[in-house]
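Below, chains carry the letters A, B, ... as their sequence lines are ordered, and counting in each starts from 1. These numbers were taken from a predicted model, which means no experiment stands behind them.
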Number of protein chains: 2
Amino acid sequence: MGFSLATTEDTGQMATRQHLLEAAGQVFAEVGFRAATVREICERAGANIAAVNYHFGDKEQLYRAVLQETYQAAIKKYPADYGLRANATAEERLRAFVHSLLLRIFSEGPSARHGKLMAREMMEPTGALDAIVREDIRPMSALLVSIVSELLGAEADDATKRLCANSVVSQALFYHHCRPVVVRIHPDLKFDRAGIERLTEHITRFSLAAITNLATKPRTGRAAKK
Amino acid sequence: MGFSLATTEDTGQMATRQHLLEAAGQVFAEVGFRAATVREICERAGANIAAVNYHFGDKEQLYRAVLQETYQAAIKKYPADYGLRANATAEERLRAFVHSLLLRIFSEGPSARHGKLMAREMMEPTGALDAIVREDIRPMSALLVSIVSELLGAEADDATKRLCANSVVSQALFYHHCRPVVVRIHPDLKFDRAGIERLTEHITRFSLAAITNLATKPRTGRAAKK
DNA sequence: TGACATTTCAAACGGATGTTTGAAATTGGC
DNA sequence: GCCAATTTCAAACATCCGTTTGAAATGTCA
C-alpha cells in the first residue's frame, strides 16, 4: 500500500470514492434521490461519469452508502446526550434531547444532510428505510420514551408515553419538514444558533408544561382545568 | 361514440378534462410532481398522450389545477369549524381545529390528496407554494393563532402565540409526514375513524395542558425577548 | 347536409438519464 | 523496468420523459 504522501488530501487510494460520497451527500440532500443525477454528482466530485458505477455498482447503492455515512457523522457530532452532565434530571435530559435533535437537523455540513435525507425517506421511503428505523430511529425513540415516562410517573400507560414522546419530536421536526411554509408565514424565524436556542426553549417548556400537567390529572374525561 | 344520454357519466363536454384532473390527482399524490408521468396520467384517464397539453397547456399547469381542485374539495368536506356549535369555547374550537385537520389529512379520496400534495410541496416547493400559503395556509394559521391567544390570555406576546400554534399543528402533521416511520415504530397505531379520535383527544389534551400551564406562569424561563 | 370549430389520435421529436463499453492511464509488487 | 491489476476516461447505448405535429374523428350550428 503506497501511502507515499503524509497528507490524505488527495490522490489517496480511496480519494475518488470519498469525493463521490461527499458530492452525492450534497446532491441527494438538495434534490432527493430521484432528481439527483449521477452526472451532477460526478462533476462535483471531479470524477468521470462512470465512477459511480465502478465504485458503488449503481446509483442506489451509492445512496445507501451516503445514508449510512451521514448518519454516522450526525450521531457522532450531536449525540442525544449532547452537553449533558452525569446525573441529569429528566427535565435536563428532555431539553438536551430536543436541543441535540434541532442541532442535528439544522446544522450545516454532512451531519445535517442526514436529516434532509431522512425527511425525504419519510415522504417516500426507499428500500433503505427499514434499516434506518431499526438501527437509528428506534433507539432514539426508546430513549425519549424513557425520559417522558420518568416525567409522567410510573402509573402512566404505554400508549400515553408514546403519544407524548411523539408530541415532543413532532414539534422539532415540524420546523424542518415544513420549513418552506414556516419561513413564509413567520419570516422573522431564524434557524441560526440563537434561533435554535429559542426553539429549544419553547419546545422544552411547552412539552414539560403539558407532561407535568397531564401527570397530575392522568385520566379526567376531557382536558379539565381547575 | 355519440351516446348522448342524459347521464353526466361519460362523454360529457368536459369529460376528458375531469378525468385528467382525477387521474392526475391520484398520480401526483402517489409519486409527486416530478416522478409522475403524463403517460401514466393519461392512461388512467383513458385519454390520449397529448390530452394533457391540449387541455392544460403543460404538466405544470395541470398540477396547479389539481392543487386548486383538491384544496376546494378538502376545505369543503372538512372546514376548520367542523361540527362546531355557534358560541363555542376556545377549548372546543381548538379541538375542532385539530380534529378537522386530522380528518382532512387522513381521509380517503380527493380531499386527502391535497394533504399529500401539500406535504410534498413543503419538502420541495414548486412555484405553486406561494399561492397556497397566501390563500390556504395563512388564513388557517391566523385562525389557530386567534384560538391560542384566547387560551393564553391577552398579555402573551405574539412570538409565544405563534410558537404555540406551531406546536399544535406540528403534532397533527407529524403523523402524516412521518407516517412510514410511525407505523414501523408503533404498529398498533391506526388512522381509521377511531384512531383519529384518539389522536385528536391526545393532541388537544396535550396542547391545552401546555398552553394553560404556560398561561399561568408566563415568563419563568430564559430566552425571553420582549 | 355542409361548413367550420373542437377534440382525439398515433407517431415522432429533442433532450436527459442511468448504465455499459473497451481502450487508455495509473498504480502496485517484484 | 516490467507486467498485471486497478482505476479513469470519452463515447456510445438504451430508455424514458414532456412536448409537438398534422391528420383524422367528432361535435356544432345554420
**Student:** Going 5' to 3' through nucleotides 13-24 of chain C, assign each nucleotide B (protein heavy atom under 4.0 Å from a base atom), S (under 4.0 Å only from sugar-phosphate atoms) or - (no protein heavy atom that close).
**Tutor:** ----BBBBB---
**Student:** Would you kindly say whether B:Thr16 and B:His55 are connected by a side-chain donor-acceptor distance under 3.5 Å?
**Tutor:**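 Side chains of B:Thr16 and B:His55: no pair found under 3.5 Å.
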**Student:** Is there a side-chain contact between A:His55 and the phosphate of D:dT8, meaning an N or O under 4.0 Å from OP1 or OP2?
**Tutor:**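 Checking D:dT8 against A:His55, a side-chain N or O does come within under 4.0 Å of OP1 or OP2.
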**Student:** Starting from P on D:dC16, measure out to CD on B:Glu43 and report it in whole angstrom.
**Tutor:**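 It works out to 13 Å between those atoms.
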**Student:** Between D:dG27 atom P and B:Tyr54 atom OH, what is the distance in whole Å?
**Tutor:**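 Taking OH of B:Tyr54 and P of D:dG27, I get 13 Å after rounding.
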**Student:** May I ask you to say whether A:Arg120 pairs ionically with A:Glu30, meaning some side-chain N is under 4.0 Å from a carboxylate O?
**Tutor:**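 Looking at A:Arg120 and A:Glu30, the cut-off is not met.
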**Student:** Ignoring hydrogens and geometry beyond distance, is a side-chain donor-acceptor pair present between B:Arg162 and A:His186 at under 3.5 Å?
**Tutor:**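 Side chains of B:Arg162 and A:His186: pair found under 3.5 Å.
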**Student:** Please check if the distance between the ring centroids of B:Phe174 and A:Phe174 is under 6.0 Å.
**Tutor:**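 No.
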**Student:** Spell out, as yes or no, whether a donor-acceptor pair under 3.5 Å connects the side chain of A:Lys190 to the backbone of A:Ile196.
**Tutor:**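 Flag not set: sc A:Lys190 to bb A:Ile196 has no pair under 3.5 Å.
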